[in-house]
Amino acid sequence: MKVMKARPKVDEIARLAGVSKATVDRVLNNRPGVQEHTRAHVASIVASLADDQVEASDSGKIPLDFILPGGTNPFIADLVRHLERQAAMRSDVDVAIHRLNGIEPEEVAEKLGSLRRSCQGVGLIGLDSPAVREAVRQCIGAGISVLTLVSDISHVGRVSYVGIDNRAAGRLAGYLIGRFMPGSKGKIALIAGALAYRGHEEREMGFRHVLDERFPLLEIIAVREVRENADKAYTEVQMLLKEQPELVGVYCIGAGHEGIVRALKEAGREKSVVFIGHDLTDDTRQYLLSGVMDAVIDQNAGVEAREAIDRLVRSTRGETPVSAATIRIQSVFSENIPADA
C-alpha cells in the first residue's frame, strides 16, 4: 500500500518552479490570473513532486543529501568514507553525497537550490556567507531539515550542528605551540583555508587569545588564506620563510599541510619550526612520524557521520529538536598515534 505524504508546500513548489507563492496558490486552487504556459509548468512541478513522494514512500527510506567541498582535502575524503559506511549500515536512509568543485558560496547556494525534489534532509559544510545563509533559509522554508557539519552557519534555523568546538580547538593549538617553546621569543604564521568558514574564524580567535594571555613573546606576523589549496600553502610559507628569519611556528587552521611540509623541507626548517595542524589522516600520520609535524588536533569523522545522519533522520520524523553535537577533540603526537578506524 502506498502512503502519500502531505501535498508539497507552496514554498517548495514556488522555489522549484521559479514563480511566486501567489502564482502557485492560484494554480493549486484553479483561480484566474495565470498564463496557460505558467499554469502548465507549475502543474508539472506539482506532479513531479507527487511522483517523488510516492517513490520515497515505496522505498521506505528517507532521502538525505550531503553537500561537501571538493578538492583533495584528506579529512573531507575521510568524512565521505564514513558517511557512506554509516548509510550502508542503515536500512532507513538513502544518502546522496555531492562534492563541489570548490568552496565558493555561490556554488554551494546553487547546489542547495537544485537538490533532488524528494530530499528531506541536508547535511552541509559551507561558508558563513549571505548567499549560503539565504539558500539554507529557502530549503528550511520548503520543509527540508538542514544540519551543519564541521563548521557552523549562523542565524539560519538549522536543526543541529555536528562538529568540534572550533574556538576551543584554536585555544588548544595556541597552548601547544607555546608549550613547545616555553619562554621563547619569535614569530608565528597562521595558515587558514578560508576565514569565511565560521569554524576557521573561531579557531583563529581562540589561537590569538591564548597567545595573548599566556605566551606574549610569541607574535602572529602573518595570516594567509590558501583556499584549502596545498600549492598555495606552499607558496605562502616558502615566502614567509625567506622574509621572516625569526619564524618559529606555523599553525595550519584547515587544509594545506602537504604544501607547508614541502616548504619547510626545502628550506631545511622542518626540525626548527614548530608545526601544528588539524585532522589525523594518512598524510598527517606520516608527517608526525617523520618529525616535520609536531602535533595534530583531531576530530572523529566517524562519530560526526553517525551523528549527522541520526539527527537528520530524527528531524525528518518530527522528533524532539536535537541540540548541537560537540565532538571531542584529541591532541595527537608521534608517540600516541591511534590505530586507523
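Predicted, not measured: the structure shown is a model, and the values here were computed from it.
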I would like to know whether His257 and Asp283 meet side chain to side chain donor-acceptor pair (under 3.5 Å); could you show each step before the answer? CA-CA 8 Å; His257 301 97; Asp283 289 341; over 6 Å; no
With salt bridge (Lys or Arg N to Asp or Glu O under 4.0 Å) as the test, would you mind laying out the steps for Arg158 and Asp152 before giving the verdict? CA-CA 9 Å; Arg158 46 80 170 148; Asp152 206 359; 2.8 Å; yes
In Å and rounded to the nearest 0.5 Å, what is the CD1 to CZ distance from Ile297 to Arg203? 8.0 Å
Please determine whether a side-chain nitrogen of the Lys or Arg among Glu270 and Lys265 lies less than 4.0 Å from a carboxylate oxygen of the Asp or Glu. no
Working for salt bridge (Lys or Arg N to Asp or Glu O under 4.0 Å), residues Asp294 and Lys271: CA-CA 9 Å; Asp294 295 280; Lys271 301 297 183 182; over 6 Å; no
Does a salt bridge link Arg328 with Asp298, judged by any charged N lying under 4.0 Å from a carboxylate O? no
Counting heavy atoms not belonging to Arg214, are there more than 12 under 6.0 Å from its CZ? no
Can you confirm whether Glu213 is buried at CD, in the sense that more than 12 heavy atoms of other residues, nucleotides or ligands lie under 6.0 Å from that atom? yes
Donor-acceptor contacts under 3.5 Å from residues 241-254 side chains, at least two apart:
| residue | atom | partner | partner atom | Å |
| --- | --- | --- | --- | --- |
| Tyr251 | OH | His278 | NE2 | 2.7 |

Donor-acceptor contacts, no H, no angles, side chain residues 230-237, under 3.5 Å, sequence neighbours left out:
| residue | atom | partner | partner atom | Å |
| --- | --- | --- | --- | --- |
| Asp231 | OD1 | Arg262 | NH2 | 3.0 |
| Tyr234 | OH | Gln238 | NE2 | 2.9 |
| Tyr234 | OH | Glu266 | OE1 | 2.7 |
| Tyr234 | OH | Glu266 | OE2 | 3.3 |
| Thr235 | OG1 | Asp231 | O | 3.1 |
| Glu236 | OE1 | Arg224 | NE | 3.0 |

State whether Lys21 and Asp25 are salt-bridged, where the test is any N-O pair (Lys NZ or Arg NE/NH1/NH2 against Asp/Glu carboxylate O) under 4.0 Å. no
Looking at residues at least two apart in the chain, or sitting in another chain, which of them share a salt bridge (charged side-chain N to carboxylate O under 4.0 Å, His left out) with Glu201? none
Run the salt-bridge test on Asp165 and Arg167 with the 4.0 Å N-O cut-off and return the result as yes or no. no
